[in-house]
Engineer: 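Take a look at the following structure, please.
Keep in mind it's a predicted model, so treat the numbers as computed, not measured. For reference, positions follow the sequence shown, starting with 1.
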Amino acid sequence: MKKITTKELAQKLKNGEKVNIIDVREDDEVAEGKIQGARHIRLGDLPDRVNELDKNEHYYIACRSGGRSSMACELLTSQGYDVTNMTGGMLSWEGEVEKG
């Protein structure tokens with residue numbers, strides 16, 4: 001499984017790189033704030049919403065601490081998606097956050 005640190009992902013955003021971030025946390029967690037531009041798809045909803053994602057795109061997967069995003073990465077990878085797990089999750093995030 002590919003991994004990226006929160007610092008590395010924050011730097012990509014600062015550099016203006018186009019990144020697709022999927023936040024797999026629960027609604028109440030996202031309401032407290034998420035990475036600017038991230039798309040919210042709860043882990044439990046992912047199997048039913050996977051068709052909303054483009055297999056030609058790369059996705060960075062985020063959650064609170066890295067556990068749920070790891071599970072999401074396994075699911076998406078098994079279905080042919082190109083994904084990277086953001087290690088440390090939102091607990092380690094130091095970049096800009098927007099309120100969900």
Engineer: Would a distance-only check, ignoring hydrogens and angles, find a side-chain to backbone donor-acceptor pair under 3.5 Å from Tyr59 to Leu53?
Structural biologist: no

Engineer: When rounded to the nearest 0.5 angstrom, what distance separates CD in Gln36 from CD in Glu98?
Structural biologist: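 Interatomic distance, Gln36 CD to Glu98 CD, rounded to 0.5 Å: 5.0 Å.
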
Engineer: Rounded to the nearest 0.5 Å, how far apart are CG of Leu43 and CG of Leu75?
Structural biologist: 8.0 Å

Engineer: Hey, what do you get for CG (Asp82) to NZ (Lys55), rounding to the nearest 0.5 Å?
Structural biologist: 12.0 Å

Engineer: With side chain to side chain contact (heavy atoms under 4.5 Å, CB included) as the criterion, how do Glu94 and Thr6 come out once you've worked through the C-alpha distance, each side chain's angles and the decisive distance to 0.1 Å?
Structural biologist: CA-CA 7 Å; Glu94 296 174 12; Thr6 55; 5.9 Å; no

Engineer: Give a yes or no on whether Val83 and Val24 share a hydrophobic cluster (residues Ile, Leu, Val, Met, Phe, Trp, Tyr; joining criterion: side-chain heavy atoms under 4.5 Å apart).
Structural biologist: yes

Engineer: Hydrophobic clustering (ILVMFWY, side-chain heavy atoms < 4.5 Å, transitive) - are Ile22 and Met71 grouped together?
Structural biologist: yes

Engineer: State whether Glu29 and Arg68 are salt-bridged, where the test is any N-O pair (Lys NZ or Arg NE/NH1/NH2 against Asp/Glu carboxylate O) under 4.0 Å.
Structural biologist: yes

Engineer: Shared ILVMFWY cluster between Leu13 and Met86, side chains joined below 4.5 angstrom?
Structural biologist: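 Yes, same cluster.
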
Engineer: If I take atom CG from residue Asn85 and atom CG from residue Leu9, how far apart are they, to the nearest 0.5 angstrom?
Structural biologist: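 If I round to the nearest 0.5 Å, the distance is 11.0 Å.
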
Engineer: Does a sphere of radius 6.0 Å around NZ in Lys2 hold more than 12 heavy atoms from other residues, nucleotides or ligands, not counting ones at 6.0 Å or beyond?
Structural biologist: yes

Engineer: List the residues meeting side-chain hydrogen bond (donor to acceptor under 3.5 Å, both in side chains) with Gln79, not counting sequence neighbours, and say none if there are none.
Structural biologist: none

Engineer: Any chance you could measure Lys3, atom NZ, to Glu8, atom CD, to the nearest 0.5 Å?
Structural biologist: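 Lys3 NZ to Glu8 CD: 12.0 Å, rounded to 0.5 Å.
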
Engineer: To the nearest 0.5 Å, what is the distance between NZ (Lys34) and CZ (Arg39)?
Structural biologist: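 Result: 11.0 Å between the selected atoms.
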
Engineer: Is any side-chain heavy atom of Asp23 less than 4.5 Å from a side-chain heavy atom of Ile35?
Structural biologist: no

Engineer: Any side-chain to backbone donor/acceptor pair from Thr77 onto Cys73? Under 3.5 Å, distance only.
Structural biologist: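 Here the side-chain-to-backbone pair exists.
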
Engineer: When you measure from the side chain of His58 to the backbone N and O of Val19, does any donor-acceptor pair fall under 3.5 Å?
Structural biologist: no

Engineer: Would a distance-only check, ignoring hydrogens and angles, find a side-chain to backbone donor-acceptor pair under 3.5 Å from Thr87 to Ile4?
Structural biologist: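 Yes, because the side chain of Thr87 sits within donor-acceptor range (under 3.5 Å) of the backbone of Ile4.
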
Engineer: Would you mind checking if Lys18 and Glu57 are paired as a salt bridge, meaning a charged N to carboxylate O distance below 4.0 Å?
Structural biologist: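 The answer is yes: the pair qualifies as a salt bridge.
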
Engineer: If every non-hydrogen atom of Cys63 is compared with every non-hydrogen atom of Ser69, which pair is closest and at what distance?
Structural biologist: SG-N, 3.3 Å

Engineer: When hydrophobic residues are tied together by side-chain contacts of less than 4.5 Å, even through go-betweens, does Met90 share a cluster with Ile21?
Structural biologist: yes

Engineer: Hydrophobic clustering (ILVMFWY, side-chain heavy atoms < 4.5 Å, transitive) - are Ile41 and Ile61 grouped together?
Structural biologist: yes

Engineer: Specify the closest pair of heavy atoms between Leu46 and Ala72, including all atoms of both residues, with the distance to one decimal.
Structural biologist: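 Closest approach of Leu46 to Ala72: CD2-CB, 3.7 Å.
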
